[in-house]
Amino acid sequence: MDDHGDVITAAREVVRRGRRITCFSGAGLSAPSGVGTFRDPGDGWWSRYDPMRLASPDGFHEDPALVMKWYAARRQQMAEAAPNAGHLALAARPDVVQVTQNTDDLLDRAGCSDIIRLHGNITADRCHAGCGHVESVDMHDPPGHRSCPGCGQAGLRPTVVWFGEALPSDAWERAEQAARSCDVFLVVGTSAVVYPAAGLITLAAHAGATVIVVNRDASSASDVADFELLGSADELLPALLEAD
Ligand code: BV8
């Protein structure tokens with residue numbers, strides 16, 4: 001068997017023996033479903049726009065219509081997407097704790113439950129002034145920029161975490177616990193450059209977990225990986241997780 005096959009076999013054995021497995025996922029998990037990633041050159045969303053402009057309060061203040069247009073395009077793309085074999089392989093393992101940076105609903109639609117969402121979810125909008133108004137959006141026909149119908153003081157923006165915004169404290173506490181207490185930490189489809197989320201990888205490693213990275217390319221998680229499987233998540237996750 002070639003080296004790649006040997007690594008998969010060894011990683012499969014680690015997963016098979018694993019008693020507490022946490023999966024930490026990023027945009028690469030959804031990429032095979034046709035959902036754009038953030039940093040892939042060429043077709044990555046941010047290759048066309050300045051991320052700190054679009055996914056930040058300052059960017060929204062400066063040009064809310066552009067930000068909501070970007071989210072509308074992403075929402076339509078997600079609405080047309082279906083969960084891929086990677087999502088389904090994870091959904092078939094309800095014993096695996098799901099911690100995701102992704103804001104799409106593909107893990108939910110695959111059948112995962114109790115997902116720990118570090119960066120929120122894109123399927124709803126809320127008042128940017130924090131009056132409490134929240135409304136779900138039609139992902140097939142997403143809205144553009146509009147004022148909050150609750151207070152009229154600010155625009156509505158997606159219920160996601162932007163740069164410079166704090167992560168939801170309950171999600172963060174649960175994610176830290178899931179990283180500290182697992183014996184296998186599976187890292188799937190992330191460049192591992194956004195903090196504090198990416199810090200979970202070293203947290204898990206320092207707590208004694210075996211780190212298995214599944215990614216198309218080398219990433220900032222490569223140095224921490226005990227096993228690095230380079231390839232597509234929709235092919236590697238079924239090979240890694242499915243029972244013999
Ligand atoms: C915080 C919005 C503190 C949601 C996102 C200056 C000012 C303020 C903060 C900072 C600053 N400088 C640094 C920071 C910290 C900052 C940060 O980390 N910046 C980095 C970029 C340097 N972090 C923050 O601001 C965080 N908040 O620190 O708050 C605070 C505390 C208290 C009070 C107030 C404030 C907030 C971080 C969240 C930012 N929001 N997006 C949305 O629109 O979705 S981040 C964005 O990147 C996405 O949400 C995504 O989740 C995240 C990570 O990206 P990835 O998922 O890794 O995707 P990427 O494209 O990068 O990589 C894809 C990978 O998949 C690649 O490696 C590729 O090879 C691989 N791949 C591709 N195809 C496949 C594949 N793998 C397998 N199979 C395939 N088929």
Side-chain angles (χ1 to χ4, degrees), residues 23-60 66-75 77-78 81 83-87 89-90 99-107 115-126 130 137 139 142 157-169 171-172 175 186-201 212-222 225 228-240:
C23 178
F24 172 62
S25 53
L29 171 63
S30 297
S33 298
V35 177
T37 66
F38 292 86
R39 293 174 186 83
D40 281 347
D43 62 349
W45 278 106
W46 286 350
S47 62
R48 305 185 193 115
Y49 300 93
D50 172 0
M52 295 306 272
R53 172 182 162 91
L54 292 173
S56 74
D58 290 348
F60 185 69
L66 174 68
V67 171
M68 292 309 287
K69 197 166 167 229
W70 180 58
Y71 276 95
R74 290 178 63 202
R75 282 165 159 165
Q77 193 179 61
M78 288 171 188
N84 63 57
H87 296 108
L90 290 170
V99 178
T100 191
Q101 301 171 92
N102 294 341
T103 56
D104 63 50
D105 59 352
L106 293 174
L107 277 170
I115 300 163
I116 300 172
R117 296 183 170 287
L118 297 175
H119 295 162
N121 91 68
I122 203 169
T123 60
D125 280 340
R126 69 171 176 83
V137 304
M139 297 281 278
R157 41 70 60 89
T159 53
V160 300
V161 179
W162 278 339
F163 285 105
E165 293 183 330
L167 275 59
S169 51
W172 179 245
L186 186 53
V187 182
V188 180
T190 181
S191 57
V193 298
V194 174
Y195 285 82
L200 294 170
I201 305 168
I212 300 174
V213 172
V214 171
N215 211 57
R216 192 192 59 198
D217 311 302
S219 70
S220 299
S222 300
E228 184 173 47
L229 308 184
L230 293 178
S232 191
D234 61 332
E235 292 166 11
L236 289 171
L237 284 177
L240 197 59

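Only a predicted model underlies this, so the values are computations on that prediction, with no experimental measurement involved. For ligands, and for the atoms within them, numbers begin at 1 and follow the listed sequence. Just so you know, these numbers use all the heavy atoms, side chains as well, and skip hydrogens, waters and symmetry mates.
Under the 3.5 Å distance criterion, with hydrogens and angles disregarded, no donor-acceptor pair is assigned to the side chains of Ser56 and Asp58. Checked by atom type, the side-chain pair Asp104/Ser30 shows a donor-acceptor distance below 3.5 Å.
Residue Val161 has at least one nitrogen or oxygen atom sitting less than 3.5 Å from a nitrogen or oxygen atom of ligand 1, judged on distance alone. Polar contact with ligand 1: absent for Asn102 (N/O pair, distance under 3.5 Å). Considering backbone and side-chain atoms together, Gly164 places an N or O closer than 3.5 Å to an N or O of ligand 1. Of the polar atoms of Tyr195, at least one N or O is found under 3.5 Å from an N or O of ligand 1, judged by distance alone. Considering backbone and side-chain N/O of Ser219, none are found under 3.5 Å from N/O of ligand 1.
In the candidate list Thr100, Thr190, Leu229, Val213, Thr190 is nearest to atom 57 (O) of ligand 1, counting heavy atoms. With distances taken over non-hydrogen atoms, the option nearest atom 19 (N) of ligand 1 out of Trp70, Phe163, Phe24, Phe38 is Phe163. Nearest residue to atom 78 (N) of ligand 1 from Ala233, Ala218, Ser220 is Ala233 (criterion: closest heavy atom). Closest heavy-atom approach to atom 71 (N) of ligand 1 among the candidates Gly231, Gly28, Ser56, Ala27: Gly28. Comparing Leu236, Leu29, Asn215 by heavy-atom distance to atom 66 (C) of ligand 1, the nearest is Asn215. Ranked by closest heavy atom to atom 63 (C) of ligand 1, the top entry among Gly26, Ala166, Gly189, Gly120 is Gly189.
Residues Val161 and Pro168 meet the side-chain proximity criterion, which asks for heavy atoms closer than 4.5 Å. The shortest side-chain heavy-atom distance between Arg75 and Met68 falls under the 4.5 Å cut-off. Looking at heavy atoms from C-beta onward, Val188 lies out of side-chain contact with Leu90 at the 4.5 angstrom threshold. The shortest distance between side-chain heavy atoms of Met139 and Thr123 falls below 4.5 Å.
For ligand 1, the atoms lying closer than 4.0 Å to a non-hydrogen atom of Val194 are 18 (O), 37 (C), 47 (O), 52 (C), 53 (C). The distance from ligand 1 to the heavy atoms of Ala31 drops below 4.0 Å at these ligand atoms: 73 (N). Numbered from 1 in the order shown, with element, the atoms of ligand 1 that lie under 4.0 Å from a heavy atom of Pro32 read 80 (N). Annotation for ligand 1: atoms under 4.0 Å from non-hydrogen atoms of Thr37 are 60 (O). Of all atoms in ligand 1, numbered sequentially from 1 with element shown, those under 4.0 Å from a heavy atom of Asp217 are 68 (C), 69 (O). Counting the atoms of ligand 1 from 1 in the order shown, those under 4.0 Å from a heavy atom of Val160 are 4 (C). Each of the atoms 1 (C), 26 (C), 27 (N), 29 (O), 35 (C), 36 (C) of ligand 1 lies under 4.0 Å from some heavy atom of Glu165.
Of the residues Val99, Leu200, Ile116, the one that meets the side-chain contact (heavy atoms from CB on, under 4.5 Å) test with Trp172 is Leu200. Partner Thr103 forms a side-chain contact (heavy atoms from CB on, under 4.5 Å) with one of Val35, Val160, Leu118 and no other, that one being Val160.
Side chain of Thr159 to main chain of Asn121: a donor-acceptor pair is present (N/O by atom type, distance under 3.5 Å, no hydrogens or angles). Counting only distance, with no hydrogens or angles, the side chain of Gln77 and the backbone of Gly36 share a donor-acceptor pair below 3.5 Å. A donor-acceptor pair is defined here as one N or O able to donate and one able to accept, closer than 3.5 Å; no such pair exists between the side chain of Arg117 and the backbone of Ala171. Judged by distance alone, with hydrogens and angles left aside, the side-chain atoms of Asp234 form no donor-acceptor pair with the main-chain N or O of Ala31 at under 3.5 Å.
Under 4.0 Å from ligand 1, the heavy atoms of Arg74 that appear belong solely to its side chain.
Put simply, no part of Ser25 is less than 4.0 Å from ligand 1, judged by heavy atoms.
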